[in-house]
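In this text, all values refer to a predicted model and were calculated from it rather than measured experimentally. Note on naming: letters A, B, ... go to the chains in the order of the sequence lines (proteins, then strands), and numbering restarts at 1 for each one.
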2 protein chains.
Amino acid sequence: MFNEFHTTAEELIRHSGGRATAGRIGILAILLAEQQAITHREIEQRYPEALQLDRVTLYRALEWLAGKNLIHKVTSDDRVWRYHANRELHSHQHAHFKCTRCAQMICLSDLPIDQSWPLPIGYRFQEIELTVKGLCADCC
Amino acid sequence: MFNEFHTTAEELIRHSGGRATAGRIGILAILLAEQQAITHREIEQRYPEALQLDRVTLYRALEWLAGKNLIHKVTSDDRVWRYHANRELHSHQHAHFKCTRCAQMICLSDLPIDQSWPLPIGYRFQEIELTVKGLCADCC
DNA sequence: AAATAAACGCAACAATGTTGCAGTTATTGT
DNA sequence: ACAATAACTGCAACATTGTTGCGTTTATTT
């Protein structure tokens, strides 16, 4: 577990002005190593058993990381949040893809649609959340 | 509760080949009368107390109505499903708007974006789910 | 009016996430 | 290096939303 992601994770956390605890570093390292957005459950499974990490601590660490903009939270139709480390491209709004068979979830490129959406009069636009559903390469 | 929506609801249900029970009719009538997509909880509140309706029955009725395409289910970031009666325009995919303050949720016009989305090679497109977030007229 | 499949109500369960609080720990200042 | 302290953690208990199994009731058909 003490790989490049760990080092990066620790730097990012310190840079954000929070305490660099083992839990936060480990969690962020896992998310940095991952190509897809993964669930709380999946993070738990990847987390080394030896180190122990409470469910609640995981939830709180994720919340903190999201608040510091180091990761982002993705809504899904299965009522489960998925998390993904932020890269440069994620600082902007982007779409997500979800496989309807295996539930894999990846980030797509920036939103090619205009940010101003035709809303009813008096409504104010804030952001767009877009999920494309289909089959991933493995499930096709 | 025995208004025009009740009559319409009953017709729609019979036309779909299901048993026209008080629960289904009442639920569909509520959804037909509503401009926005509402939650299971909100349906329960609008349902006349005198008539009693079990939580489970409500869930099952909603599932059935969605299966028959009389209503549709909307995903939201608060992990709660919202339901809305289908009109002609809803037979096509459409976007939803959600107020970030009062959680009101309405349907927007058809998706103006092309159905084929730039996916990675080997991926297959199925559908798009799009939610615009912002403030509704009341909350602005 | 009886027969019957469909729908319902209840109880119990499952999954995901949250809150309160006492104990532990990373960091800061000396 | 050490003590002080705010920040973080772990546990237990809870909340919310939705699901399953099963015996009972009911809308529809004949």
Distance in angstrom units between A:Y59 OH and D:dA12 P, rounded: 18 Å
Taking atom P of D:dT25 as reference, at what distance in whole Å does atom CG of B:L53 sit? 18 Å
Which atom pair, heavy atoms only, marks the closest approach of A:A37 to A:V74? CB-CG2, 4.3 Å
Which nucleotide in the set C:dA26, C:dG9, D:dT17 lies at the smallest distance from any side-chain heavy atom of A:T21? C:dA26
I want to verify a distance call: between D:dT19, C:dC8, C:dT18, whose nearest atom is closest to the B:V56 side chain? D:dT19
Check: B:H72 ring centre within less than 6.0 Å of B:H94 ring centre: yes
Without decimals, in angstroms, what is the distance between B:E63 CD and C:dA6 P? 16 Å
Atom pair distance, as rounded to whole Å: CG in A:L58 and C1' in D:dC11: 15 Å
Taking any heavy-atom pair under 4.0 Å as a contact, classify B:A61: base, sugar-phosphate, or nothing. nothing
Going from CD1 on B:I43 to CZ on B:R82, what distance comes out if it is rounded to the nearest 0.5 angstrom? 11.0 Å
Whole-Å distance between C:dT18 C1' and B:R79 CZ? 10 Å
To the nearest angstrom, how far is B:Q52 atom CD from D:dT24 atom P? 20 Å
Side chain of B:W64 only, please: which of C:dC10, D:dC8, C:dA7 is the nearest? C:dA7
Does any N or O donor sit under 3.5 Å from an N or O acceptor when you compare the side chain of A:R55 with the base of C:dG17? yes
Please report, rounded to the nearest Å, how far the P atom of D:dA7 is from the CD1 atom of A:I13. 17 Å
B:R19 side chain, from C-beta outward: closest of C:dG9, C:dT16, C:dA7: C:dA7
Quick check on D:dT16: is either OP1 or OP2 less than 4.0 Å from any side-chain nitrogen or oxygen of B:R41? no
Against the side chain of A:D54, the closest entry in D:dG18, C:dT18, D:dG10 is D:dG10
Check if the side chain of B:R60 and the base of C:dG9 share a donor-acceptor pair of N or O atoms closer than 3.5 Å. yes
Rounded distance (nearest 0.5 Å) linking atom CD1 of A:I106 with atom CG of B:L119: 7.5 Å
Note: for B:R14 and A:A22 on DNA chain D, the residue whose nearest nucleotide lies more 5' is A:A22
Looking at the side chain of B:H40, which of C:dA7, C:dG9, D:dG18 is the nearest nucleotide? D:dG18
Round to a whole Å and report the spacing from CD1 of B:I25 to P of C:dC8. 10 Å
Given salt bridge (Lys or Arg N to Asp or Glu O under 4.0 Å), test B:E129 with A:K98 step by step and report yes or no. CA-CA 10 Å; B:E129 214 167 66; A:K98 182 172 180 206; over 6 Å; no
